[in-house]
Student: 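Below you'll find the structure I mean.
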Number of protein chains: 2
Amino acid sequence: MLRGVALRVTRPRVAVLSAVHDHPHADTDSIIGVVREDLGEVSHQAVYDVLRALTVAGLVRRIQPTGSVARYESRVGDNHHHVVCRSCGAIADVDCAVGTTPCLTASDDHGFTIDEAEVAYWGRCPECVAATSAASGG
Amino acid sequence: MLRGVALRVTRPRVAVLSAVHDHPHADTDSIIGVVREDLGEVSHQAVYDVLRALTVAGLVRRIQPTGSVARYESRVGDNHHHVVCRSCGAIADVDCAVGTTPCLTASDDHGFTIDEAEVAYWGRCPECVAATSAASGG
DNA sequence: CCATTTTCTGGAATTACTCAAGGGATGGAA
DNA sequence: TTCCATCCCTTGAGTAATTCCAGAAAATGG
């Protein structure tokens, strides 16, 4: 898999790639933790570097909702979107809402050449909704 | 306007509010510069604090495209979106693409209670497209 | 004009991330 | 397998954006 994109196979890279696959939407710090459980001591710089290399190579995708640090996921190649919980920050995948390229046609693009539409749905996850309604009764 | 949201009227607040109105999509540092041209020396902390207060009060809206610092705009209340240039970071407003609440219906919301759909269109602004085609011929 | 409340100032601290140099591991060739 | 050139990882420092803290000034209400 790494060889497929002309990257050398090293333990940190394998561990980071596995971590992203096993923990979708994990932030850099979490990934560092997972990798260290796997390999022992690994520098944060290595993880940052590997994540960048994997992102450039297209093996992982970097997302960054407003107010959050960078997060990574292994679903690439499909233009899916995300729903983010305002309370706990949980993220879930959402497939394209309408057809294959939803919303890619802006009403007025101001002359921009648009190649991607990134959609972030904001709301509350089921757990937070349940917790709130249980506490406040409404 | 400030009184309308129960905020005290101070010179820094008026200056920040004006700056956001005059410079849509400006980042915090630019706003600090504009405010200081207006009032002389103002602490960055005051500007950060005012921007947060105005955001909470709903007088300005905070946006933060991936890879960019926080930016502020005065268009609030309408659910418009943004198109961002990958080359120079320029931002322009885009009205809702379809109807009044476009894309607000996710194909599978995973049980989330969604209240907002934030769309970021990524591409190249007219200037950058022109510069590239002039340089590379393609 | 005075007391209270809120805001502004100035500095330090935190977080996420980047830059730079050198030793070590990896992949290819013999 | 062995050797070498290349690329990667480690260490350490450094940057940028933002937040926290304590004291002083200003705005508000009477």
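Letters go in sequence order (proteins before strands), and every chain restarts at 1. Note that the structure is a prediction, hence the values are computed from the model and not measured.
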Student: For His81(A) and Asp93(A), does a side-chain donor sit closer than 3.5 Å to a side-chain acceptor?
Tutor: no
Student: What is the nucleic acid contact for Ala53(B), judged by heavy atoms within less than 4.0 Å: base, sugar-phosphate only, or nothing?
Tutor: nothing
Student: Using a cut-off of strictly less than 4.0 Å, decide whether Arg8(A) has a side-chain nitrogen or oxygen near OP1 or OP2 of dG28(C).
Tutor: no
Student: What is the distance, to the nearest angstrom, from the CZ atom on Arg52(A) to the C1' atom on dC7(D)?
Tutor: 16 Å
Student: Any side-chain donor-acceptor pair under 3.5 Å between Thr113(B) and Arg124(A)?
Tutor: no
Student: May I have the distance from Asp49(B) (atom CG) to dC21(D) (atom P), rounded to whole angstrom?
Tutor: 14 Å
Student: Looking at Arg11(A) and Asp38(A), is there a salt bridge between them, counting it only when a charged N and a carboxylate O are closer than 4.0 Å?
Tutor: no
Student: Whole angstrom is fine here: how far is it from NE2 in His44(B) over to P in dC21(D)?
Tutor: 15 Å
Student: Provide, to the nearest angstrom, the distance between the CD atom belonging to Gln64(B) and the P atom belonging to dA16(D).
Tutor: 17 Å
Student: What pairs of residues pass the salt bridge (Lys or Arg N to Asp or Glu O under 4.0 Å) test when at least one of them lies in residues 21-36 of chain B, not counting sequence neighbours?
Tutor: Arg36(B)-Glu41(B)
Student: Please pick, from dA16(C), dT10(D), dA17(D), the nucleotide with the shortest atom-to-atom distance to any side-chain atom of Val69(A).
Tutor: dA16(C)
Student: Over how many whole Å does the gap from Arg62(A) atom CZ to dA16(C) atom P extend?
Tutor: 12 Å
Student: For the side chain of Pro12(B), starting at C-beta, report the closest nucleotide among dA16(C), dC8(C), dT10(D).
Tutor: dC8(C)
Student: At less than 4.0 Å, is any side-chain N or O atom of Thr10(B) found next to OP1 or OP2 of dC8(C)? Yes or no.
Tutor: yes
Student: Take atom CZ in Arg75(A); do more than 12 heavy atoms of anything else shown fall under 6.0 Å from it?
Tutor: yes
Student: Return the residues of residues 23-32 of chain B meeting this criterion: a heavy atom under 4.0 Å from some atom of DNA chain D. Order them by number, or give none.
Tutor: Thr28(B)
Student: Taking CZ from Arg71(B) and P from dA17(D), how many angstroms apart are they, rounded to a whole number?
Tutor: 11 Å
Student: If you check the Glu41(B) side chain, which of dG10(C), dC9(D), dT9(C) turns out closest?
Tutor: dG10(C)
Student: One thing to verify: whether Arg13(A) and Asp49(A) come together as a salt bridge, which I'm taking to mean a side-chain N less than 4.0 angstrom from a carboxylate O.
Tutor: no
Student: Taking CG from Leu51(A) and P from dC17(C), how many angstroms apart are they, rounded to a whole number?
Tutor: 10 Å
Student: Determine the contact category for Arg11(B): base if any of its heavy atoms lies under 4.0 Å from a base atom, sugar-phosphate if only primed atoms, P, OP1 or OP2 are that close, otherwise nothing.
Tutor: nothing
Student: Using atom CG of Leu39(A) as one end and atom P of dC9(D) as the other, report the distance to the nearest whole Å.
Tutor: 11 Å
Student: Under 4.0 Å between a side-chain N or O of Arg13(A) and OP1 or OP2 of dC8(D)?
Tutor: yes
Student: Do you know which of His21(A), His80(A), His23(A), Arg62(A) makes side-chain hydrogen bond (donor to acceptor under 3.5 Å, both in side chains) with Glu73(A)?
Tutor: His80(A)
Student: Do the side chain of Gln45(A) and the base of dC19(C) come within less than 3.5 angstrom through a donor-acceptor pair of N or O atoms?
Tutor: yes
